[in-house]
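Note that ligands are numbered from 1 as they come in the structure, with each ligand's atoms numbered from 1 the same way.
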Amino acid sequence: MAVEKVMVIGAGQMGAGIAQVFAQSGFQVKLNDIAEESLQKGLATIEKHLSRNVEKGRMDEADKTNTLNNLETTTSLNEANDCDLVIEAVVENMDVKTKVFQQLDQITPKHAILASNTSSLPITDIAAVTERPEQVIGMHFMNPVPVMKLVEVIRAIQTSDETYQTIAETAEKLNKTAVEVNDYPGFAANRVLMPMINEAVYAVFEGVAEPEAIDEVMKLGMNHPMGPLQLADFIGLDTCLYIMEVLHEGFGDSKYRPCPLLRKYVNAGWLGKKSGRGFYVYE
Ligand code: CAA
Ligand code: NAD
């Protein structure tokens, strides 16, 4: 199937990045959010990154104009009625996501593929609330989307080979590399990454070292581009906590228990970079 028209749902840090890479690659993109303010913020972020690309000689003014022309914003989900592919990137909450998928199942053309950018929630369960489970799939982009090469493509137990093939080819058109994984809690990326981040929070909780020291150890000692606590702030501490909860519940193994300090920060509204405070303070 040829994908031409795409809707991205949720204009937060992931949705805006996903919309940008699709529009840059020549797809017609509608960026949707329940909040007009989020759409304006998302669009401003995209414009800023495109201008940076022009400044750095990675694209010319005409590419920037074409990208922006490929992009429209809307608060109406009904506008997905002519889309070939929808990528959902709303908050990491199963109830919110299943409601969006049930609505999309009614609105979108019968051939459309419904994808989720979820970090950890079961694609199989999301597919099961629709009447087209074989056309539901995980298309998990990494943050920051315009920079990171990986798209983790998650097959629900119901996903058809044709759907997988279309999504893998679409990822290639975005100049990304698709890696196929099966649907288990946290998939592959967060099954491996999040326990490391959670362990770093435990190290702070138990007084092993200050956050700066732990991050320095991992940056200088392991060549990680960001330390785990800086990365947790970058991802969002709420998202990190939700993912640990999915791993803990999904495997029933105490090795995945979220650190109480992580929960305390989230309850305090210290969500990391996006809220101005997490393990670090942001101006
Ligand atoms: N959007 C677009 N471009 C961005 C960006 C953003 N949010 N942030 C940085 N960039 C670009 C910058 O423009 C810069 O390029 P130029 O200077 O040439 O314009 C380039 O990336 C490098 O940025 P910086 O020099 O500012 O900083 P850096 O060298 O430290 O790189 C980084 C920034 C790419 C984010 C790097 O620190 C990094 O790779 N960090 C780790 C990111 C990571 O692990 N991501 C995965 C998170 S887990 C996930 O996404 C899954 C999940 O479900 C939670
Ligand atoms: P975010 O909080 O930055 O953005 C979420 C956006 O969704 C907000 O603008 C909000 O207004 C909007 N929204 C909420 N409910 C909606 C609805 N019903 N319809 C339309 N819009 C709605 O979150 P984010 O960090 O961009 O994460 C989005 C998704 O991507 C989550 O599932 C998350 O787990 C996943 N993800 C996050 C990262 C990361 O590093 N932050 C990486 C990969 C995947």
Please tell me if [atom] is touched by the protein, where touching means a protein heavy-atom distance below 4.0 Å.
atom: atom 29 (O) of ligand 1; answer: no
atom: atom 3 (N) of ligand 1; answer: yes
atom: atom 26 (O) of ligand 2; answer: yes
atom: atom 50 (O) of ligand 1; answer: yes
atom: atom 40 (N) of ligand 1; answer: yes
atom: atom 22 (C) of ligand 1; answer: no
atom: atom 32 (C) of ligand 1; answer: no
atom: atom 7 (N) of ligand 1; answer: yes
atom: atom 44 (O) of ligand 1; answer: yes

To check your reading of the model: name the closest protein heavy atom to [atom], its residue, and the distance in Å.
atom: atom 36 (N) of ligand 2; result: S119 OG, 3.1 Å
atom: atom 31 (C) of ligand 2; result: V90 O, 3.1 Å
atom: atom 37 (C) of ligand 2; result: M14 CG, 3.4 Å
atom: atom 19 (O) of ligand 1; result: R52 NE, 2.7 Å
atom: atom 48 (S) of ligand 1; result: L193 CD2, 3.5 Å
atom: atom 19 (N) of ligand 2; result: I34 CG2, 3.7 Å
atom: atom 11 (O) of ligand 2; result: D33 OD1, 2.7 Å
atom: atom 4 (O) of ligand 2; result: G12 CA, 3.2 Å
atom: atom 23 (O) of ligand 2; result: K274 NZ, 4.6 Å
atom: atom 3 (O) of ligand 2; result: Q13 N, 3.1 Å

Between [atom1] on residue [X] and [atom2] on residue [Y], distance to nearest 0.5 Å:
X: I235; Y: L193; atom1: CD1; atom2: CG; answer: 5.0 Å
X: H140; Y: F187; atom1: NE2; atom2: CZ; answer: 7.0 Å
X: D60; Y: N53; atom1: CG; atom2: CG; answer: 11.0 Å

Look at ligand 2 and say whether [X] reaches it with a heavy atom at a distance under 4.0 Å.
X: F234; answer: no
X: K97; answer: yes
X: K41; answer: no
X: A89; answer: yes

Classify the side-chain pair [X]/[Y] by whether it contains a donor and acceptor separated by less than 3.5 Å.
X: Q40; Y: E36; answer: yes
X: Y280; Y: D215; answer: yes
X: T118; Y: E92; answer: yes

- Give a yes/no verdict on whether any heavy atom in A189 is under 4.0 Å from an atom of ligand 1.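 Under 4.0 Å: no for A189.
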- Task: Answer with yes or no whether H140 contacts ligand 1, where contact means a heavy atom under 4.0 Å from a ligand atom.
- Result: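 Distance cut 4.0 Å: H140 passes for ligand 1.
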Does atom [atom1] ([X]) have a neighbourhood of more than 12 heavy atoms from anything else shown, all under 6.0 Å?
X: E162; atom1: CD; answer: no
X: K5; atom1: NZ; answer: no
X: L150; atom1: CG; answer: yes
X: K41; atom1: NZ; answer: no

Counting only nitrogen or oxygen atoms and a 3.5 angstrom limit, does [X] reach ligand 2?
X: N117; answer: yes
X: G15; answer: no
X: H140; answer: no
X: S38; answer: yes
X: I9; answer: no

Short N-O contact, [X] and [Y], less than 4.0 angstrom:
X: K274; Y: D238; result: yes
X: K30; Y: D82; result: yes
X: D183; Y: R155; result: no

- Message: For a side chain to side chain contact (heavy atoms under 4.5 Å, CB included) check, start with the C-alpha distance between K176 and M148, then their side-chain angles and the critical distance, and finish with the verdict.
- Response: CA-CA 8 Å; K176 306 278 184 205; M148 307 302 279; 5.5 Å; no
Ligand 2 atoms in contact with [X] (distance to a heavy atom under 4.0 Å):
X: N143; value: 39 (C), 40 (O), 41 (N)
X: V100; value: 18 (N)
X: T239; value: 34 (O)
X: F141; value: 43 (C)

Out of [options], who gets a non-hydrogen atom closest to [atom]?
atom: atom 15 (O) of ligand 1; options: K219, K56, R58; result: R58
atom: atom 41 (N) of ligand 2; options: I18, V91, N32, I235; result: I235
atom: atom 11 (C) of ligand 1; options: V147, N53, V145, L150; result: V147
atom: atom 5 (C) of ligand 1; options: G17, G57, P144; result: P144
atom: atom 42 (C) of ligand 1; options: N143, T118, L50; result: N143

- Just distances here: any N/O of T239 and N/O of ligand 1 closer than 3.5 Å?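 No - when backbone and side-chain N and O of T239 are compared with those of ligand 1, no distance drops under 3.5 Å.
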Review item, side-chain donor-acceptor pairs of residues 197-213, under 3.5 Å, at least two apart:
| unit_1 | atom_1 | unit_2 | atom_2 | d |
| --- | --- | --- | --- | --- |
| N198 | OD1 | C259 | N | 2.9 |
| N198 | ND2 | R257 | O | 2.8 |
| Y202 | OH | R257 | NE | 3.4 |

- Query: Ring centroid separation for Y184 and F251, is it under 6.0 angstrom?
  - Reply: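 Here the rings of F251 and Y184 have centres that are no less than 6.0 Å from each other.
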